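Report on one structure; see the data block that follows.
To find a chain, count down the sequence lines: A is the first, B the second, and so on, and within it residues start at 1. In this text, all values refer to a predicted model and were calculated from it rather than measured experimentally.
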Amino acid sequence: MKRVLIADDAMFMRATLKQQLAKHGFEIAGEAEDGSIAVKKYKELKPDIVTMDITMPVMSGLDALKEIMAFDKSAKIVMVTALGQEEMVKQAVVAGARSFVVKPYKEESLITILNKLL
Amino acid sequence: MFEDQFVNESMLDIFIFETSQLIEKLEESVICNEEDNRYSEAQINEIFRIMHTIKGSASMMMFGNISELAHAMEDLFYYIREEKPVHMDYSALTDVILACIDDIKLEIEKIRNHDKADGIFRTEIEDVKKLLKRLKAAKDGKDKAHHYQVRLFFEDGCEMENIRAFSVVQRLKEICLQIRSIPENPENSNESTELIKRDGFNINLETEHSYEEICDFFRNTEFLRDVDIKEAEEENEDFRLKGLPEANTDNKWEKKENREEGSISLQQSIISVSVNKLDKLMDLVGEMVISQAMVIHNPDLQGMELTNFHKAAGQLTKITDEMQDLVMAIRMVPLSVTFHKMHRIVRDISKKLGKEMQLKIIGEETEVDKNIIEQISDPLMHLVRNAADHGIEDPADRQRSGKPRQGTVTLEAKNVGGDVLILIKDDGKGLDKEKIVEKAKSMGLLTNQERDMTDKEIYQLLFLPGFSTNSEVTEYSGRGVGMDVVTRNIEKLGGSVSMDSTWQQGTCVTLKIPLTLAIIDGIQIKVGKTYFTIPTIAVKEFFRPDKKDVLQDPENNEFIMVRGECYSVIRLENYYHVKEAVKKIEDGIIIMVEQEGKSICLFADELLGQQQVVVKPLPDFIKYFNKLKTLTGCTLLGDGNISLILDVSGLF
């Protein structure tokens with residue numbers, strides 16, 4: 001079973017993602033409510049893939065992405081974003097994000113992305 | 001990396017000096033030749049040599065990163081020099097060189113500021129190597145490289161199609177030698193989103209990978225609704241974008257005499273002198289001019305028969321005059337270097353924003369004082385950016401309004417009297433007066449009735465702090481910091497900025513700058529036994545006041561009515577506590593001074609005349625007195641008296 005790390009500061013989003021992923025046979029390796037925890041948990045848990053919210057307190061998803069990429073070049077990170085954050089997404093793509101979904105996204109498209117990347 | 005103890009400071013200075021000079025020359029020549037879309041053999045040689053030099057000295061100084069980058073460039077140009085490839089994408093070559101120039105510049109700046117030169121240029125070096133690989137592949141009969149034309153459509157509702165397209169290009173870069181996409185740089189505008197939705201995202205790519213592998217790549221790309229991959233013919237017109245010259249390029253390698261002259265040459269019969277020494281020399285000559293006046297007009301000589309003395313004095317005056325001219329001339333630097341830097345800005349903006357424009361330079365040989373050059377470079381850059389970014393319209397818009405597709409930004413310099421005028425013109429859409437007035441109103445900046453305002457007054461609003469009509473911030477301008485900073489910088493030099501514009505025809509910004517900072521035109525006045533100099537540029541008028549025009553408020557502040565307007569009066573005797581000054585207003589003189597559209601009246605005893613004065617700074621201990629903040633400096637008059645130079649803006 002593929003292991004996913006969910007990084008999002010909103011409890012609702014984490015719960016939603018957890019439910020969606022579990023339904024399609026992913027294992028939730030862990031959850032992080034801000035960027036720095038995401039980095040810490042990534043190093044600790046070595047998940048197969050990460051879903052990363054862009055706007056988070058303490059450390060943004062973008063910075064967390066950069067740190068994780070510096071730690072593990074082959075990290076697979078999917079950004080979760082909202083309309084209007086084009087500039088951030090662009091930077092994330094440059095920094096090594098494998099893909100991104102725009103909220104509100106369709107459940108199946110998220111699953112398709114994850115499956116394609118894994 | 002660089003360790004302080006290993007490096008002799010003066011060696012470092014030489015390294016910095018030489019490298020920045022080489023880099024600057026290189027940049028200038030690259031930009032100048034981009035339009036021709038070719039590099040002469042001599043230039044290729046020159047670039048190779050420059051890179052070789054930088055590589056060598058950087059590695060000597062233990063700047064491994066610079067040396068590595070220069071090495072990659074050297075390899076590239078070695079190949080070009082030896083193999084003379086026919087199919088050269090000069091535009092890509094220029095991009096690579098410029099990126100490399102920027103990186104080296106940045107590192108040099110870091111070194112100069114005693115920071116650690118820690119830039120990592122892995123991607124840049126990769127780019128250089130890729131280009132070299134591509135050239136080699138082209139040379140080897142193109143059998144390794146495949147060209148594909150790809151058109152892809154994203155799934156409906158996947159959002160941010162432009163960023164998705166950007167992401168695809170980013171990942172393609174890892175496996176492709178060259179990529180061109182339509183729209184180019186989709187991530188930079190939201191319009192491209194619509195375009196991609198409607199026409200799909202078109203990519204032309206060159207790669208060593210097989211068709212199957214490319215198909216695999218797109219199969220693994222998410223959110224794709226439809227992909228169409230075609231293997232393109234080598235001679236495909238689409239692929240041969242305008243940057244690629246035709247096959248018949250033999251003549252490009254021919255030596256052309258006139259080009260040779262324009263190429264980079266570092267052999268000069270010029271020595272570099274520290275500016276400090278020049279400043280000192282300037283000071284001394286100023287001193288000498290004053291001392292000479294003190295000797296020739298010495299009160300002890302009055303009433304004496306001095307025919308021979310006057311003859312000798314005449315000769316001395318002639319020599320000191322010549323000397324003064326020469327010292328000024330030494331400090332004069334042509335504007336050409338500063339002007340040519342703007343080529344780069346215009347080029348970058350036009351590339352980035354998809355506009356077509358050229359920079360026209362007139363009068364680049366005009367000279368101004370070295371200190372002034374340093375101060376106007378930033379404002380100038382800002383104004384050129386403004387013109388290119390806001391002024392010039394998109395090619396399609398220009399065509400619609402009957403203008404040539406290519407916009408023109410003109411930089412012009414000329415001498416007018418003791419000033420240099422620098423004009424920054426564009427043939428763009430011009431300023432929208434209504435928008436400016438509206439914005440000023442919403443910011444509560446409008447004091448006059450708007451219908452009373454002249455065009456000039458309206459444009460003047462743009463110089464107010466925080467004023468920007470551009471609601472959308474672009475990378476280049478529109479942040480609301482700008483015109484006021486430009487004005488402040490120019491005024492610091494004793495210059496002025498004005499603006500003129502015709503709707504749909506263009507905008508022209510004029511900078512008026514004095515030739516030199518050390519000598520200004522001033523009006524001499526006297527209060528009691530003290531002499532003051534007011535910069536002529538600030539003086540609006542002077543007149544002898546009439547007692548009946550003067551009013552007083554309950555707090556004893558004085559005002560004067562002039563042509564129905566009321567101005568406050570500052571008595572310099574009270575302001576500076578000067579003794580034995582004229583008290584009765586009708587016995588003195590009023591000097592009306594203006595600053596940023598506001599006027600006040602200064603009251604002094606008498607007017608002595610106008611003359612050029614050498615500005616001397618005040619000693620630091622005097623500057624601490626509050627009132628003396630309104631003094632910019634002092635000057636020595638011919639008779640040995642000291643005259644204080646007023647900073648008019650401080651009086652308001």
Tabulate, with distances rounded to 0.1 Å, every donor-acceptor pair spanning chain A and chain B at under 3.5 Å.
{"unit_1": "B:R164", "atom_1": "NH1", "unit_2": "A:F100", "atom_2": "O", "d": "2.8"}
{"unit_1": "B:R164", "atom_1": "NH2", "unit_2": "A:F100", "atom_2": "O", "d": "2.8"}
{"unit_1": "B:N188", "atom_1": "OD1", "unit_2": "A:K90", "atom_2": "NZ", "d": "3.4"}
{"unit_1": "B:R219", "atom_1": "O", "unit_2": "A:K116", "atom_2": "NZ", "d": "3.3"}
{"unit_1": "B:T221", "atom_1": "O", "unit_2": "A:K116", "atom_2": "NZ", "d": "3.0"}
{"unit_1": "B:E222", "atom_1": "OE2", "unit_2": "A:S99", "atom_2": "OG", "d": "2.5"}

*Heavy-atom count around B:K110 NZ within 6.0 Å, excluding the residue itself: above 12?*
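Yes, the 6.0 Å shell around NZ holds more than 12 heavy atoms from other groups.
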*B:F223 versus A:F100, closest heavy-atom pair with distance*: CE1-O, 3.6 Å
_Apply side chain to side chain contact (heavy atoms under 4.5 Å, CB included) to residues B:F166 and A:V89 and explain how you reach the verdict._
CA-CA 10 Å; B:F166 171 68; A:V89 181; over 6 Å; no
